[in-house]
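In the text below, chain A, chain B and the rest are named by the order of the sequence lines, each starting its count at 1. Keep in mind it's a predicted model, so treat the numbers as computed, not measured.
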Amino acid sequence: MDNTELAEIFDRIASLLEIKGEIPFKTLAYRRAAESLRNLGEDIHQFQSHSPLSTIPGVGKAIAQKIEELLNTGQLAFLHRLEEEIPPSLLEILDISDVGPKKAALFWQTAGIANVDDLEEAAREGRLRDLSGIGIKTEAHLLEGIRTYRHSKRRVPLRIAHKLVEPWLKWLKEQPNVSQVQIAGSMRRWKSHIDELHVVFACENSKPVIESLSTRKGIRRVLAQGVHRAAFELEDGLRLQVWSQPQERFGSLLQFATGSNMHNVRLREFAQHAGFSLSERGLLGRDGVEYLCAGENEVYEKLGLPCIPPELREDHGEIQAAAANALPDLIRFEDLTADLHMHTSRSDGEDSMEEMALAARAAGRRLIAITDHSFILKMGKKLLFDLLEEQRAEMVQLGNKFGDQLTLLHGVEVDILSDGTLDLPDEMLQKLDIVVASLHFDLKQPRHVITQRLVRAIRNPYVDIIGHPSGRFLPDFEGADLDWETVFSAARECNVALEINANPSHLDLDERQARRAAHRGVLLSINTDSHAPRQLGREQGVAVARRAWIESRQVINAWSLQEILSWLKTRKNK
DNA sequence: GCCGTTTTCGGCCCGACTGTTTTCAGTCG
């Protein structure tokens, strides 16, 4: 039973209680506990060994007991009882748009509908319209909703979402009376995967704009359409939500639409204490005076808070931190002086060392490490030695050309073999400026085996950085089953940096592991792992770090040139 | 069910939109 499984159980309880008609505060409590568990970052068993469960935010006595029961027995009597009252198959219909707990309960109690198939059949036969509160329109909408539920559940990587949203932004910007257009939602928070496109715009008279938008090519279905808001299902299966307010309220709108929903709930609670009612329209004081916010900063300012960066707005403690003036000074892409993991055409990259160096310089880097794969070079010691010598010579020449514009390091990305040894001998590693060691195969070893394998690599005195530590490859492989606390301890002890790999298929460490690692005092290294010059501008590694509350001092790539070089030097001398 | 810049008891976010309503409940973000 891991953190994710526990979280899913509490979400399930919340949904069942909603259908049962339990008060919303109770179900919210279960959802908050679920979210908290999901983002704990530390394995729950491990956590339990040093801290009481009730110290987890949102976990009180009752939920702590349930967690314990689950950890001890793998079962939960409370959930069993609940599932005897309400068929669990009913939960799937909550995923249909416009179906919430009340309708689900109605379908179940008055028509015996317990799953999506039942619901579809009843709708087709026109039986739903007889239920109280349901008419012909709702019945038709439900049928469409079921079709969408079956065929177009989609989640796309952030960079794809940017491509998809671009034409809508462009069109909105061209409309008369539209003064500002901005991406909001999870895209603005830099989540790695996006299931809805959220856009806000400032406009005095938004009705005609929204009317015109709703007839655009690319829209399959209008889900809702009003004066300030509209929701569409796009041809490609994603949803597009747009909101509008006049310019003088745009800051409030942007804050609202950026979310997350849980962050907004917390912020509104906080606003209550400060004597305000907060909404997307503005702040309403108890005295009835309304405060409009044209800029998003003003919303937080008026509440006495510093502006919270969108990446932190997940209800992971950011409001408390802001109130205590203890928000992290998040790392920025411009802070990166170095990129310490990239490939050239000598291994599986597309371009020469020189092309990569030029692109890195253009992207603002002052220092790069060329780290071609050892497995390409692995062809007999003599030949390998020659190849490395050749590469070194090329680098010296190139280094002269760049002068102090760009410093080049000669490195390698070695494979960590199944037993934790490396696929190049120490006497070769010793001669290199920097060594990245990575897991590339045999990733499904049992937890203790693969953990010890990684720890052994960390303990190799010539290893400086562990590349994409979990070896995950999205969307198909979530990464090795590692005991992270053990990995973090070893990395910290050996002064080895763990990578946040910016390749969108890796993003590894992920944000939860990265936050935990930084908290444990482990050094991090954000690298693009570029295989082509265009990839050197990858920003998503920094996004992961920002979502993990990480500051620049915790990332070796953001240190000065001298600091990085002396860190490497101390490591070589140890 | 959780939690304490008002609280260990009594609170707990807010508005837009829709459909079926005859004044509002449900859903959503």
Side-chain angles (χ1 to χ4, degrees), chain A residues 10 13-14 17-19 21-34 36 53-67 78 93-107 128-142 145 184-186 189 195-200 206-207 210 222-231 239-245 249 252-253 255-284 303-305 313 315 319-320 323-324:
Chain A
F10 289 117
I13 290 174
L17 288 176
E18 276 173 341
I19 294 174
E22 189 54 90
I23 54 164
F25 312 116
K26 197 180 276 194
T27 60
L28 180 64
Y30 279 105
R31 294 218 186 276
R32 278 181 170 162
S36 225
L53 292 170
S54 59
T55 57
I56 300 171
V59 173
K61 208 170 151 191
I63 294 183
Q65 271 176 3
K66 292 185 174 72
I67 296 174
F78 177 75
I93 75 172
L94 293 177
D95 289 335
I96 296 165
S97 85
D98 294 329
V99 180
K102 299 287 194 244
K103 285 204 189 98
L106 176 77
F107 296 151
L128 294 180
R129 64 186 71 170
D130 300 333
L131 306 181
S132 93
I134 308 284
I136 292 176
K137 280 188 174 176
T138 303
E139 199 174 64
H141 282 170
L142 286 171
S186 51
R189 304 199 311 277
D195 52 13
E196 284 195 10
L197 308 175
H198 292 177
V199 175
V200 291
S206 53
K207 195 160 176 258
I210 288 184
V222 178
L223 301 165
Q225 184 185 332
V227 176
H228 294 292
R229 181 190 154 223
R239 279 191 186 189
L240 169 67
Q241 302 256 4
V242 298
W243 289 271
S244 164
Q245 285 290 337
R249 297 181 191 270
S252 293
L253 177 65
Q255 192 287 318
F256 158 80
T258 297
S260 65
N261 193 25
M262 288 294 232
H263 172 83
N264 286 351
V265 170
R266 279 284 185 219
L267 193 65
R268 285 164 177 189
E269 284 175 4
F270 186 87
Q272 282 285 316
H273 287 294
F276 294 102
S277 167
L278 170 67
S279 79
E280 63 264 48
R281 299 174 50 77
L283 284 152
L284 189 63
L303 295 172
L305 298 172
R313 299 183 198 169
D315 187 26
I319 293 171
Q320 298 91 315

*Describe the nucleic acid contact of A:Gly259 in one word from base, sugar-phosphate, nothing, applying a heavy-atom distance below 4.0 Å.*
nothing

*Within residues 260-268 of chain A, find the residues that approach DNA chain B with a heavy atom at under 4.0 Å, and present them sorted by residue number.*
A:Asn261, A:Val265, A:Arg268

*Would you mind reporting whether A:Leu128 and A:Phe107 have side-chain heavy atoms less than 4.5 Å apart?*
yes

_Which residues share a side chain to side chain donor-acceptor pair (under 3.5 Å) with A:Thr258, sequence neighbours left out_ = A:Arg188

*Using heavy atoms to find the nearest nucleotide of DNA chain B for A:Ala104 and A:Glu280 separately, return the residue whose nucleotide is more 5′.*
A:Glu280

_Within the 4.0 Å heavy-atom criterion, would you say A:Pro24 contacts the bases, only the backbone, or no part of the nucleic acid?_
nothing

_Euclidean distance for P, B:dG19 against B:dG4 (whole angstrom)_ = 42 Å

*If you look at every strand shown and take non-hydrogen atoms under 4.0 Å, does A:Arg239 touch a base, only sugar-phosphate, or nothing?*
sugar-phosphate

_Watson-Crick/G-U partner (both atom distances under 3.5 Å) of B:dT8_ = none

*Scan A:His228 against the nucleic acid and name what it touches under 4.0 Å (heavy atoms): base, sugar-phosphate only, or nothing.*
sugar-phosphate

*For A:Glu139, enumerate each residue passing the side chain to side chain donor-acceptor pair (under 3.5 Å) test, keeping only those at least two apart in sequence or located in another chain.*
A:Arg129

_Outermost nucleotides of DNA chain B that come under 4.0 Å of a non-hydrogen atom of chain A_ = B:dG1 to B:dG29

*B:dT7 and B:dC12: how far apart are their P atoms, nearest whole angstrom?*
15 Å

*What integer number of Å spans the P atoms of B:dA16 and B:dG11?*
27 Å

_On DNA chain B, does the nearest nucleotide to A:Leu28 precede the nearest nucleotide to A:Phe270 from the 5' side, or the other way round? Give the residue._
A:Phe270

*Positive for side chain to side chain donor-acceptor pair (under 3.5 Å) with A:Asn264, one of A:Glu269, A:Gln255, A:Arg313, A:Glu280*: A:Gln255

*Can you name the side chain to side chain donor-acceptor pair (under 3.5 Å) partners of A:His141, sequence neighbours left out?*
none

*Between A:Ser36 (side chain) and A:Pro57 (backbone), is there a donor-acceptor pair under 3.5 Å?*
yes

*Heavy atoms under 4.0 Å, any strand shown: does A:Ser97 hit a base, just sugar-phosphate, or nothing?*
sugar-phosphate

*Just call it for A:Ile96: base, sugar-phosphate, or nothing, with non-hydrogen atoms closer than 4.0 Å on any strand.*
sugar-phosphate

*Is the cationic atom of A:Lys66 (NZ for Lys, CZ for Arg) positioned less than 6.0 Å from the six-membered ring centroid of A:Phe78 and within 45 degrees of its normal?*
yes

*Contact class for A:Arg32 vs. all strands (heavy atom < 4.0 Å): base, sugar-phosphate, or nothing?*
nothing

*Polar side-chain atom of A:His263 near backbone of A:Asp315 as donor-acceptor pair, under 3.5 Å*: no

*asked:* Distance check, P atoms only: B:dC14 and B:dT6, in whole angstrom units.
replied: 16 Å

*Please identify each residue that fulfils salt bridge (Lys or Arg N to Asp or Glu O under 4.0 Å) with A:Arg281, with sequence neighbours left out.*
none

*For B:dT21 versus B:dA25, give the span between their P atoms, rounded off to a whole number of Å.*
14 Å

